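Just so it is clear, the model here is predicted, and its values are computed rather than measured. The chains referred to below are lettered A, B, ... by the order of the sequence lines, with proteins before strands, and numbering in each begins at 1.
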Amino acid sequence: MNSNGLHHRVAALMRERNWATMTKVQELALEPILKGRNTLIIAPTGFGKTEAAILPILSKMMDEGCKPVSLLYITPLKALINDITIRIDWWASKLGLLVNRKHGEVPQKEKNQRLKRVPHILVTTPEGLEIDLDWASRFRENYKNVKWVIVDEIHEIVGSKRGAQLFILLERLKEFSGTDFQRIGLSATVGNPKFVASTLFGSSTRQRSIVKIDEKKDFSLVVRKVDEGNNVWSDSAKAIEESIEPPTLIFTNSRFLTERLHEELERLGKSNIYVHHSSISRDSKATAEESLRAGKAQAVLCTKTLELGIDVGKIKKIVLYRPPPSVASFLQRLGRSGHCVGGIPKGEIICVQNFDCLEALAIYNLSRKGVVESPRNGSPLDVVSREILGMVLQYSSIDAERVYRVITSSFLYRKLKRSDFQRLLDYLAKNNLIQREGDELRLGKSFFRIWTFKKDRNFSWSRSFSEFFSLINNDDTFVLRYNDRPIGEIDAIYVYKHIRPGDLLRIGGKLWRVSKIHNGKLSIELVPAERGEGEIPVWKGEGVPKSHLLPMEIQSILSDFNNSLKSQVLDQKSREELSKLMEPYLTRGAPLPNSSIVYVEKIGNETVYSTLIDEKVANTLAHMLLYVATSKHSLNVYARASIYGFSISVTERDLLDELLNVKGNRLKRLILKAILRSPLFVSVQKEIQVSFGKIGKLDPREDSLVIREALRQTVMRYFSIKKTLSFIDKLRKGEIRIVHVEPSTPLGEAVLSHAPIRPWISGIQALLYDVLKGGAYTLSELSEVLSIPPKSLEVKLKQMRRADSKYRVTSFIDVDSRETRWCLIDELKTFASSDEFYTSFAPINGEETLIASLRPLHGSSTSEVIFKPNQILENPEDFTKKIPMDEIGELKIVDPVDPMVCNMSPRYYFVRRDVIPYLLLNASAYIQNMKYT
DNA sequence: GACCTGCTGCGGTATG
């Protein structure tokens, strides 16, 4: 034993490495870890957290002796696994301990060895642990020896489904091994250390410690504003060029921006600049990383890919192109230059929009105050479902009560009710994912149909078995095509929210017009386009969700505006930009924007409500306005949402004011309806349903469990019902003032720079089919039921009456009300003989001779059929034989003697031969009714 | 939403 408590062999190795002193975090972590406490270590990157955890554990392994596998090291990235394995191995190999790594890209040969020589230390991902517990029937026996678990970069997963998964896995491991192993978490700065600790420590009864390094690493920051010239791109590139001090990391908030800026920097003659993001090949990424380490790269343009702790060598400067979305990512990104020996890290935020300066300053202020976002986690049920299945895989047959006990021992699921768990089991059993014999659970028949080993998938819903272990969702993407040639890809959700036929898109430097969107095939047809109006700025990426801390911090900046302007980090230009931004308010003597005032302004065809507001509340309000607008106006509207307010493309009426008049439960219902109609809800349903074994279309009665869960998750991620209700309440009480202004305000203009959200009535045809089933309705009745404007419905119904339609409809005249009614074409016959519509199909004079005129689908040559209504009534089936074609383009009644009849006759378009008799009865009844009454 | 992250085990063949 050494003076600092470490085993003498570990201490000797430290001397060998010339580690005279430990970092502060290493010192602080030593005691709690050596004492066997569960420990959460919180410190910025570059403080030596890994060693802070590893050294005392290695020391304990020496002291206490250990059987393989005794230490499990979990980290979220494959690249980190490789790094860490090498780092740990330096110590471990000298202590006679074996280290192994496990992730999807480790060669099979290396993986196979672990059964022959079982490692003392295993480094893997959450998914790797899932695989081992569920499926590695032999190796998992070694997990019974685990005494320590380290979770690295825990801030990255604590708020995600991956986190929820891992925390249940740890409980499963505890139950399987029968050991209350020691848990150690390594985290960057977070706002809620206690929550992070609780989720990690779970049901462990060990004492707990949180080791937190508060000392902020010193750094220098400059907030700059790009000079406004003619071209944002070249202006931005120039600004970046000035900022580069090799080697520099340049962070952007989208992949597109890295590419676009790279192109522009090359145009300026800069070389040795690389690009790094998730969509480029592994080789290119490796090249970029290596040239950084070798000091060859001047700079690398990157997205979040380089935010985590992958070793990239010494970085001189960090440039943030436009403000990062959160304080946490700001600190992480700046921390990438932390390994710089001697000098303090240098950072620079380059602002493009004027409000960027506000955000940059806010992020900086927050970081200085030590305020950081708090990752939260709900208790997603799809994760529970997967873990139930995982346990069934592991044990072949397992008692339901035991599964319930293990899952609820995890902190996140401690409140999961037994009844809800039972309902979930019922549902899984119904979908054949599991089968039950008494209280015993076994695997159901559907399991290996969904997660299959077969290469040629049986059906479209099946997934590879390997995907079962991961809760990372692969979103659908639309393929953009021109003449069947792929041009690019766009995330499905972006398409649903923002893109419609006729839009102009810029892809690969070229301008295209969207000609068709095939939802089923997930493809979009493009045609080349010339310069035009209404280009959709995909690149603007204003959809970046921003920290919920921003609105309040911006408010506090504005509340003491003159002082805020004195901030050291602002350069001359950005300072001027900020005063210019606020000038319009000051000159008209209006209060600077804050959360208790909403400026209502009409800009172009939009009504903008500008204020400082939580993004989720703005999103909820935008969707509500969109819902109200689409049910009363047309589908051709859009809304926007941002921390600077929200807007709706309706100016004739003040829709927010109308919302204020909706009270109580009706308001809650309206919010719910608005959310249920958003594409976000649809995409969450799609994401989670497979975990429950549900395939195909969801049925509100059968699948209420998935639907309710999807709604819960949608609201949690994107909306905020409670805060929105409170916002509306404050508006009503006047606690938030509404002020109409003209002309527009600067933050009102800022709202307009955010991408428009457009309504997407998914499966409107199927919706209509469901409503029409068993009934015949007028347009206004349908509009009422569906909250979709009659005009939009009419267009759809007219498409649906065509021969190639999946849900074919037709229409007839209601003789009593003289309105058109729509119904399913196959049900027309039923209505013709029903009491409800008796008069509409009962001619007054059955012996009158009439002439039916039939125009075929193509061409204009009409045929005529002479008939008496009674003839039809006698035998409608027989009458159809007189019709000379299967499909009729237009049907009407003519009378060569009486041209009035011709004018009065209703016309029926795109009808099928077998319904002609009934439509002729309808036409005769109508005409005679007009003539005789 | 923008972005990112991950993804069979085991024991058996046949071959050099």
Side-chain angles (χ1 to χ4, degrees), chain A residues 74-81 102-106 108 111-116 124-141 153 155-157 159-163 165-166 251-258 276-279 285 302-308 310 322 324-326 328-329 332-333 386 390 393-394 448 451-453 463-475 490-498 538-546 615-616 618-619 622-623 640-642 678-681 683-684 687 714 717-719 754-755 757:
Chain A
I74 310 266
T75 176
L77 295 185
K78 289 182 284 196
L80 283 178
I81 291 180
K102 175 197 163 72
H103 60 69
E105 282 163 32
V106 174
Q108 196 58 47
K111 279 191 200 167
N112 289 342
Q113 278 174 353
R114 67 178 190 159
L115 270 179
K116 294 177 196 127
T124 187
T125 57
E127 290 76 13
L129 177 57
E130 178 85 58
I131 291 165
D132 281 351
L133 284 184
D134 295 356
W135 193 240
S137 52
R138 278 198 52 198
F139 188 80
R140 72 170 162 239
E141 288 302 312
E153 308 279 0
H155 58 278
E156 268 300 307
I157 53 167
S160 70
K161 289 188 180 177
R162 260 184 122 185
Q165 174 188 25
L166 176 61
F251 284 95
T252 73
N253 297 325
S254 80
R255 286 169 284 186
F256 175 82
L257 281 174
T258 60
H276 198 285
H277 57 71
S278 68
S279 304
K285 270 191 275 189
C302 62
T303 58
K304 203 191 156 191
T305 39
L306 287 184
E307 201 172 289
L308 278 183
I310 302 157
R322 306 202 59 187
S326 65
S329 74
Q332 283 279 122
R333 290 175 185 189
R386 293 274 190 111
L393 269 179
Q394 177 180 359
F448 286 113
W451 291 284
T452 176
F453 292 95
R463 312 239 176 131
S464 157
F465 178 61
S466 58
E467 286 176 62
F468 171 74
F469 306 107
S470 170
L471 278 153
I472 295 172
N473 180 39
N474 287 321
D475 288 331
I490 302 186
D491 286 350
I493 190 69
Y494 192 87
V495 175
Y496 295 142
K497 262 190 102 169
H498 304 301
V538 175
W539 58 271
K540 257 190 180 167
E542 280 303 336
V544 187
K546 286 172 188 156
E615 210 168 21
K616 286 182 179 174
N619 196 38
H623 277 80
R640 302 180 204 257
S642 87
S678 90
L680 301 168
F681 174 59
S683 79
V684 173
E687 173 191 318
T714 311
R717 276 188 234 174
Y718 310 116
F719 298 93
H754 293 72
I757 308 161

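K102(A) comes within 4.0 angstrom of sugar-phosphate atoms only, judged by non-hydrogen atoms across all strands, and of no base. L680(A) comes within contact range of the sugar-phosphate backbone alone, with a heavy-atom separation under 4.0 Å but no base atom that close. Heavy atoms of F453(A) sit under 4.0 angstrom from at least one base atom. In this structure, I131(A) reaches the sugar-phosphate backbone alone: every heavy-atom distance under 4.0 Å involves primed, P, OP1 or OP2 atoms, never a base. L115(A) comes within 4.0 angstrom of sugar-phosphate atoms only, judged by non-hydrogen atoms across all strands, and of no base. Residue R717(A) is in base contact, counting any heavy-atom pair closer than 4.0 Å across all strands shown.
Atom NZ in K161(A) sits roughly 20 Å away from atom P in dC3(B) (whole-Å rounding). Separating the CG atom of L471(A) from the P atom of dC4(B) is a distance of 20 Å, rounded to the nearest angstrom. The separation between L308(A) atom CG and dT5(B) atom P is 8 Å, rounded to whole Å. Whole-Å rounding puts the R463(A) CZ to dG6(B) P distance at 18 Å. In this structure, CG of N473(A) is placed 14 Å from C1' of dA2(B), rounded to the nearest angstrom. One atom, CG of N112(A), and another, P of dT8(B), lie 13 Å apart when rounded to the nearest Å. As rounded to whole Å, 22 Å separates atom P of dA2(B) from atom CD of Q332(A). Between the C1' atom of dG6(B) and the CG atom of D134(A) lies a distance of 14 Å, rounded to the nearest Å.
The six-membered or imidazole ring of F465(A) lies near that of W135(A), with a centre-to-centre distance under 6.0 Å.
In this structure, K78(A) does not pair ionically with E127(A), as no charged nitrogen and carboxylate oxygen lie closer than 4.0 Å. Taking the charged nitrogens against the carboxylate oxygens, D134(A) and R140(A) have no contact shorter than 4.0 Å, which rules out a salt bridge.
In this structure the side chain of F251(A) reaches within 4.5 angstrom of the side chain of C302(A), judged on heavy atoms.
Here dC10(B) is the nucleotide among dG6(B), dC10(B), dT8(B) with the atom lying nearest to any side-chain atom of F139(A). Set against dT8(B), dA2(B), dC3(B), the side chain of K304(A) has dC3(B) as its closest nucleotide.
Residue-to-nucleotide proximity on DNA chain B shows that, of I81(A) and R140(A), the 5′-proximal contact is made by I81(A). Heavy-atom distances to DNA chain B give each of F469(A) and H277(A) a nearest nucleotide, and the one nearer the 5′ end belongs to H277(A).
Contact annotation: R138(A) reaches the phosphate of dG11(B) (side-chain N/O to OP1 or OP2, under 4.0 Å). Contact annotation: T305(A) side-chain N/O to dT5(B) OP1/OP2 distance is not under 4.0 Å. Regarding contacts with the backbone of dC7(B), a side-chain N or O of T125(A) is found under 4.0 angstrom from either OP1 or OP2. Side-chain N/O atoms of R255(A) include none lying less than 4.0 angstrom from OP1 or OP2 on dA2(B).
Geometrically, R463(A) does not engage F468(A) in a cation-pi contact defined by less than 6.0 Å to the ring centre and at most 45° from the axis.
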Working for salt bridge (charged side-chain N to carboxylate O under 4.0 Å, His left out), residues E687(A) and K161(A): CA-CA 12 Å; E687(A) 173 191 318; K161(A) 289 188 180 177; 2.8 Å; yes

